[in-house]
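The next block holds one structure in the form of C-alpha cells; read it before the comments.
Predicted, not measured: the structure shown is a model, and the values here were computed from it. In what follows, every heavy atom counts, from backbone to side chain, and hydrogens, waters and symmetry copies are set aside.
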Amino acid sequence: MNKLYPAIGAIALAFATPLAAATDDVLPTKGDEITKFRDAGSWTIRANETRGSCFASYKAESGAIVQFGFTKDESVGYLGLFSQNVMVNEEEQAVAFLANGNLYSGVATGVGASIEDNYEGGYVLVNNPDFVRDIEAGQELVVFPETPETYVVDMSGASAAVYEVRKCTAEIDS
C-alpha cells in the first residue's frame, strides 16, 4: 500500500461519463473564479463563484492535493487527486475506493483542473448520497485503480471540512 505519493498519475481520477450532466455545476474547471472561503483545520474551503458551489482541499505531506465536493442536494459527490510531475493516463479506467468501510466505484479518465498550477490529476464522481456521510467520517480512503497499486488517502478533519463546504454552498447560493 502506498501513502498517496507521486504515483497518483496512475490513479488519474476523473469524472464518470454517466454523471457528466452533474458536473456542470459542481466540478471545478480551468478558468473558474475560485476564492478562499475559510480554513477548517488542514482543509481549505474554496468557493467556486463560476459554478456556484464549494469544495474542500488540502495538500498532503507527499505534496499531493486532495479535493472533494458535492452537489447542493448532496446526491453526487466527487473526489479529486492531483500531483506534480506525473504522467496522467488519459485512457478510461475503473477506479474503486473504500470510504468508511463502504465501497464506491466509477470510471476515471483524463486530466482535471487543479487549484494550483503544475498539478495534474482529475476526479471521480459518485452518485450515492452516502458518499458525503462517509467522507464526513474523516477516515482513510483506500483507492484501487486499475493498477497493481493501492493508495491510502488521509481524510483527517474531513468532518469539519464537510460542514464548512455546506455552509459555503448555502452562502454562495443565497
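A heavy-atom distance below 4.5 Å is not found between the side chains of R46 and P28. Between T44 and K36 there is a side-chain heavy-atom pair separated by less than 4.5 Å. Here the side chains of N100 and I135 are not in contact, with every heavy-atom distance at 4.5 Å or above. Looking only at side-chain heavy atoms (C-beta outward), V126 and V76 stay at 4.5 Å or farther from each other. In this structure, K167 and R38 have side chains that are in contact, with non-hydrogen atoms separated by less than 4.5 Å. A 4.5 Å side-chain heavy-atom check between C54 and F37 finds every atom pair outside the cut-off.
Counting all heavy atoms, side chain and backbone alike, A40 lies closest to E164 at CB-CG, 3.9 Å. For A56 against I45, the heavy-atom pair with the smallest separation is CB-CD1, 3.7 Å. Closest approach of Y78 and F131 over heavy atoms only: N-CE2, 3.6 Å. In this structure, S57 and I65 approach most closely via the heavy-atom pair CB-CG2, 4.5 Å. The minimum heavy-atom distance between S42 and S156, with the atom names listed, is OG-O, 4.3 Å.
Contact check on E74 versus R166 returns a salt bridge, with a Lys/Arg side-chain nitrogen under 4.0 Å from an Asp/Glu carboxylate oxygen.
The CZ atom of F55 lies 13.0 Å from the CG atom of L79; values are rounded to the nearest 0.5 Å.
Side chain of T50 to backbone of E33: a donor-acceptor contact under 3.5 angstrom is found. The backbone N or O of S75 lies less than 3.5 Å from a partner atom in the side chain of D73, making a donor-acceptor pair. A donor-acceptor pair under 3.5 Å is formed between the side chain of Y104 and the backbone N or O of D130.
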Item to check | Residue pair V66, L81: steps toward the side-chain contact (heavy atoms from CB on, under 4.5 Å) verdict | outcome: CA-CA 5 Å; V66 179; L81 299 174; 3.8 Å; yes
Next on the checklist: Run W43 and F68 through ring pair (Phe, Tyr, Trp, His ring centres under 6.0 Å) and show every step you take.
Outcome noted: CA-CA 10 Å; W43 293 87; F68 72 82; 5.1 Å; yes
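Between S53 and the options I172, N48, D32, a side chain to side chain contact (heavy atoms under 4.5 Å, CB included) holds for only N48.
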